Structure formats: C-alpha cells, structure tokens
Amino acid sequence: MSDVVYDKKEQLEQIESGLLEGEQVVAVYDAIGVGSGFIGLTNRRIIIKDKSFAGNRVALTSIPYSKVSSVSVVSNKNWVGQFFSSGTIAIQCDDKLYEVEFRGSEKTHHVHNVILHYAS
C-alpha cells in the first residue's frame with residue numbers, strides 16, 4: 001500500500017496539509033450524496049470531511065484506527081441481482097456510525113480493505 005490513490009488533487013492537498021509527523025496518505029476518495037465531502041485514509045487515521053452542516057459549516061473528523069470497532073461495505077442490489085454503480089462504507093466507532101457513499105464499488109472495497117489493514 002505505497003501508492004497514493006485519489007479522485008481530486010485539491011482533496012489530496014487538503015489531507016496532506018494536515019498530516020502529523022511520520023504520517024502518510026494512502027487514499028483520498030470523493031463522496032457522493034447528502035453531506036458530500038470526502039474520505040482520506042492515512043497510515044494512522046481516517047479523515048472524513050462532511051459538508052452537511054447548516055450555515056456553510058464543514059466538519060473534518062479524524063478517527064484513529066484504534067477507535068474503529070467495525071467496518072462494513074453496504075451495497076444495493078437491484079431486482080435482478082446486479083450491483084448499482086455506487087457503494088457505501090459504514091464505520092462504527094463506539095456509539096457513532098459514519099457512512100460515506102462513493103461512485104463505484106471498487107472504491108468502497110478499497111476503503112474497507114485499507115481500514116481493516118490498519119485497524120487489525
């Protein structure tokens with residue numbers, strides 16, 4: 001897991017600007033849906049940018065991998081069993097559930113696998 005994967009350069013740069021000493025970016029994926037922002041994964045934490053707050057406020061939430069109690073891939077199937085072109089990752093931390101939806105199920109599975117890699 002050495003090459004950084006990202007959707008938008010400005011999102012990658014925002015994550016890079018707030019890195020801790022020795023921290024490295026693994027991936028940054030653009031989110032879709034309500035509160036669209038992005039998710040950044042580093043070798044130390046998950047960073048979620050949520051733009052769903054009133055008054056043009058934005059939350060940038062950092063979640064250390066040690067606080068993740070479970071991670072799930074949530075995907076919809078249509079009536080003929082085909083996956084839609086989006087997927088959601090659900091990250092449980094104590095009593096808080098974070099959900100981020102992506103275009104493409106490949107991103108969802110990559111995020112899931114990265115979190116499992118660092119949370120284990």
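None of the values given here were measured: they were computed from a predicted structure.
The two residues Cys93 and Ile63 come nearest to each other via the heavy atoms SG-CG2, 3.4 Å.
Using modelled atom types, no side-chain atom of Thr108 and backbone atom of Val73 make a donor-acceptor pair closer than 3.5 Å. Panel note: side chain Ser72, backbone Val74; no donor-acceptor pair is recorded below 3.5 Å.
Here the straight-line distance linking atom CD1 of Ile47 with atom OG1 of Thr61 works out to 10.0 Å at 0.5 Å rounding. With rounding to the nearest 0.5 angstrom, the CD atom of Glu101 is 4.5 Å from the OG atom of Ser86. Residue Ile39 holds its CD1 atom at 5.0 Å from CD1 of Ile115, rounded to the nearest 0.5 Å. Of the inter-residue distances, the one linking Ile48 atom CD1 with Ser62 atom OG reads 9.5 Å to the nearest 0.5 angstrom. Distance check, rounded to the nearest 0.5 Å: CZ of Phe102 to CD1 of Ile32 gives 9.5 Å. With values rounded to the nearest 0.5 angstrom, Glu23 atom CD is found 11.0 Å from Glu16 atom CD.
Remark: Lys96 qualifies as a cation-pi partner of Tyr98 under the 6.0 Å distance and 45° angle criteria applied to the six-membered ring.
Between Val26 and Thr42, the closest side-chain pair of non-hydrogen atoms is not below 4.5 Å. Between Leu20 and Arg45, some side-chain heavy-atom pair lies under the 4.5 Å cut-off. Counting heavy atoms from C-beta outward, Asp7 and Val28 have side chains that stay 4.5 Å or more apart. Looking at heavy atoms from C-beta onward, Val5 lies in side-chain contact with Tyr29 at the 4.5 angstrom threshold. Taking the side chain as every heavy atom from C-beta outward, His110 and Asn113 never approach each other to under 4.5 Å.
In this structure, the ring of His117 has its center no less than 6.0 angstrom from the ring center of Tyr65.
Remark: the Asp30 side chain and the Gln11 side chain contain an N/O donor-acceptor pair separated by less than 3.5 Å.
Leu41 and Leu97 are not part of a single hydrophobic cluster, where members link through side-chain heavy atoms under 4.5 Å apart.
Evaluated for a side chain to side chain contact (heavy atoms under 4.5 Å, CB included) with Phe38, the options Asp50, Val100, Ile15, Leu12 yield exactly one hit, Ile15.
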